There are 2 protein chains.
Amino acid sequence: MERQGFNNKSIDRIRSICEEAGIKLTHQRLEIFKELMNATDHPSAEDIHVRLQKRIPTVALDTVYRTLATFDELGITRKLHLANKRNLFDVNLTQHHHFVCDRCRKVEDIYWPDFDKATLPETVVGIGKVRSRHLELHGLCNTCLEQNKE
Amino acid sequence: MERQGFNNKSIDRIRSICEEAGIKLTHQRLEIFKELMNATDHPSAEDIHVRLQKRIPTVALDTVYRTLATFDELGITRKLHLANKRNLFDVNLTQHHHFVCDRCRKVEDIYWPDFDKATLPETVVGIGKVRSRHLELHGLCNTCLEQNKE
DNA sequence: GTCTCTGCAAACGATTTGCACTAGT
DNA sequence: ACTAGTGCAAATCGTTTGCAGAGAC
């Protein structure tokens with residue numbers, strides 16, 4: 001369940017993914033990938049761009065957008081459409097869900113394997129074929145709960 | 001589970017909600033509320049605006065936005081932040097979840113009371129206090145599955 | 001050299017905001 | 001008359017796109 005950060009295994013993975021998809025593993029793509037792997041939060045495209053600029057000052061924001069879109073298609077990242085305005089990105093591909101603090105907007109990963117295995121209600125069959133399930137819990141994180149007491 | 005549509009009980013409800021919140025139940029607000037109650041789908045602000053124009057040709061789109069934001073604060077509607085770009089609105093306040101077709105973007109309501117009652121994993125307690133849970137199922141609706149066969 | 005990828009700037013689309021007018025109490 | 005609510009238009013903000021140059025094989 002632990003985030004691994006960026007390592008040699010990661011570089012092999014992104015290399016083979018790109019090769020398989022028939023796209024180049026460019027400097028920018030690699031660096032964006034690294035940034036994602038090292039992120040412990042759920043960064044937005046702009047977050048990634050800002051963090052990246054320390055190392056590659058010339059990188060453009062739209063390159064980040066394009067790369068993240070590519071990563072999304074390749075299944076490297078998952079786009080999160082939460083109650084914020086901006087989309088967030090998640091590299092954690094093990095099946096998991098999210099807790100969103102309605103006050104500070106912080107997003108935390110939730111693991112709930114029992115739920116992942118739970119049989120969906122029968123009515124769903126009448127609607128379509130489910131490929132993924134994503135649970136979004138809303139509430140207040142402990143930090144915000146503390147602050148509310150003050 | 002059935003959508004009720006707009007009726008006298010609804011008008012009493014919106015009237016008392018507005019009174020309690022100390023805001024006026026204006027013509028526009030009432031009509032937007034009616035439109036929401038009669039909607040069987042999950043309309044966007046623009047959808048509401050278009051539908052409304054048949055009855056109130058002068059209503060402005062931003063009034064719809066403002067009213068929907070107000071309704072959201074008052075708990076009359078729930079904003080849906082799905083993988084579409086535009087936010088959708090949902091008047092159905094009985095606890096329910098959503099199935100989103102990744103192809104046609106259609107949104108269907110899912111009821112799963114057993115899940116609503118299920119105890120959340122313990123790790124969540126360490127993160128914060130959960131006030132609501134929303135499950136988003138993704139996949140292909142039966143209509144799109146049919147079309148894919150062709 | 002070809003062809004993808006990138007950077008730049010402009011475009012875009014949903015939503016928000018400032019302001020003056022309107023309408024209900 | 002006072003004040004919330006509205007319509008209009010302009011602004012905003014995240015994201016996308018067209019195009020020409022850059023870089024990889």
Side-chain angles (χ1 to χ4, degrees), chain A residues 14-15 17-35 42-53 55-74 76-90 105 107, chain B residues 14-15 17-35 42-53 55-74 76-90 105 107:
Chain A
I14 184 74
R15 179 157 286 143
I17 289 174
C18 284
E19 203 166 332
E20 206 168 316
I23 63 164
K24 292 176 190 164
L25 178 56
T26 61
H27 183 50
Q28 287 88 334
R29 282 181 182 153
L30 181 59
E31 291 302 318
I32 290 168
F33 180 73
K34 276 189 194 173
E35 207 56 62
H42 299 78
S44 66
E46 208 181 335
D47 291 335
I48 296 285
H49 183 232
V50 170
R51 294 172 198 180
L52 216 53
Q53 278 183 319
R55 285 184 283 131
I56 321 175
T58 56
V59 74
L61 177 56
D62 65 78
T63 302
V64 177
Y65 273 109
R66 271 191 268 235
T67 305
L68 289 171
T70 308
F71 284 179
D72 210 49
E73 279 166 35
L74 299 178
I76 297 170
T77 57
R78 167 155 71 135
K79 233 181 184 166
L80 300 182
H81 309 269
L82 305 179
N84 301 327
K85 244 190 272 180
R86 27 194 8 168
N87 291 327
L88 305 182
F89 294 85
D90 193 342
R105 295 269 144 242
V107 181
Chain B
I14 183 74
R15 179 156 287 143
I17 289 173
C18 284
E19 203 165 333
E20 206 169 317
I23 63 165
K24 291 177 191 165
L25 178 56
T26 61
H27 182 50
Q28 286 88 333
R29 284 184 181 151
L30 180 59
E31 291 302 318
I32 290 169
F33 180 72
K34 277 188 193 173
E35 209 55 62
H42 299 79
S44 66
E46 207 180 339
D47 290 336
I48 296 284
H49 183 232
V50 170
R51 293 173 199 180
L52 216 53
Q53 279 182 320
R55 285 183 285 132
I56 322 177
T58 56
V59 75
L61 177 57
D62 64 78
T63 302
V64 177
Y65 274 109
R66 272 191 267 236
T67 305
L68 289 171
T70 308
F71 284 179
D72 211 50
E73 280 167 34
L74 299 179
I76 296 169
T77 57
R78 167 154 70 137
K79 234 180 184 168
L80 300 181
H81 308 269
L82 306 179
N84 302 325
K85 243 190 273 180
R86 33 202 350 180
N87 291 327
L88 305 181
F89 294 85
D90 193 344
R105 296 268 143 241
V107 180

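Scope of the values below: all heavy atoms of this structure, side chains included, with no hydrogens, waters or symmetry mates. Numbered from 1 within each chain, the chains take letters A, B, ... in sequence-line order. Because the structure is a prediction, the values reported are computed rather than measured.
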Counting only side-chain nitrogens and oxygens, does [X] get under 4.0 Å of the OP1 or OP2 atom of [N]?
X: Arg86(A); N: dT15(D); answer: no
X: Gln28(A); N: dG23(D); answer: no
X: Asn87(A); N: dG14(D); answer: no

Atom [atom1] of [X] to atom [atom2] of [N]: distance rounded to whole Å?
X: Arg29(B); N: dA4(D); atom1: CZ; atom2: P; answer: 11 Å
X: His27(B); N: dT6(D); atom1: NE2; atom2: P; answer: 11 Å
X: Leu30(A); N: dG23(D); atom1: CG; atom2: P; answer: 18 Å
X: Leu80(B); N: dT15(C); atom1: CG; atom2: P; answer: 12 Å
X: Leu61(B); N: dT6(D); atom1: CG; atom2: P; answer: 14 Å
X: Gln53(A); N: dG7(C); atom1: CD; atom2: C1'; answer: 12 Å
X: Leu25(A); N: dT6(C); atom1: CG; atom2: C1'; answer: 15 Å
X: Ile23(A); N: dC25(D); atom1: CD1; atom2: P; answer: 13 Å

Quiz item: Can you tell which of dG5(D), dG14(D), dT15(C) lies closest to the side chain of Thr26(B)?
Solution: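 So the side chain of Thr26(B) is nearest to dG5(D).
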Quiz item: Which of these nucleotides, dC3(C), dG7(C), dA4(D), is closest to any side-chain atom of Thr58(A)?
Solution: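 For the Thr58(A) side chain, the nearest candidate turns out to be dG7(C).
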Quiz prompt | Neighbours of DNA chain D within residues 62-73 of chain A, by heavy-atom distance under 4.0 Å | solution =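 Close to the strand are Asp62(A), Tyr65(A), Arg66(A).
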Exercise. Identify, between Lys24(B) and Leu88(B), the residue whose nearest nucleotide on DNA chain C lies closer to the 5' end.
Key: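 Residue closer to the 5' terminus by nearest nucleotide: Leu88(B).
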Quiz prompt | Any donor-acceptor pair under 3.5 Å from Asp72(B) side chain to Ala69(B) backbone | solution =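 A pair under 3.5 Å: no.
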Quiz prompt | Side-chain donor or acceptor of His49(B) paired with backbone N/O of Val59(B) under 3.5 Å | solution =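 Judged by distance alone, yes, a pair lies under 3.5 Å.
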Practice problem: Kindly compute the distance separating CG (Leu30(A)) from NZ (Lys24(A)), expressed to the nearest 0.5 Å. | Solution: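 One gets 15.5 Å once the value is rounded to the nearest 0.5 Å.
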Self-check item: Nearest-0.5 Å distance, OG1 of residue Thr63(A) to CD of residue Glu31(A)
Solution: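 Here the rounded value is 13.5 Å.
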Quiz item: Within the structure shown, what part of the strands sits under 4.0 Å from Ser44(A) by heavy-atom distance: base, sugar-phosphate, or nothing?
Solution: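 Here Ser44(A) touches no strand at all.
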Side chains of [X] and [Y]: does their closest heavy-atom pair fall under 4.5 Å?
X: Thr77(B); Y: Asp90(B); answer: no
X: His27(A); Y: Ile56(A); answer: yes
X: Phe89(B); Y: Lys79(B); answer: yes

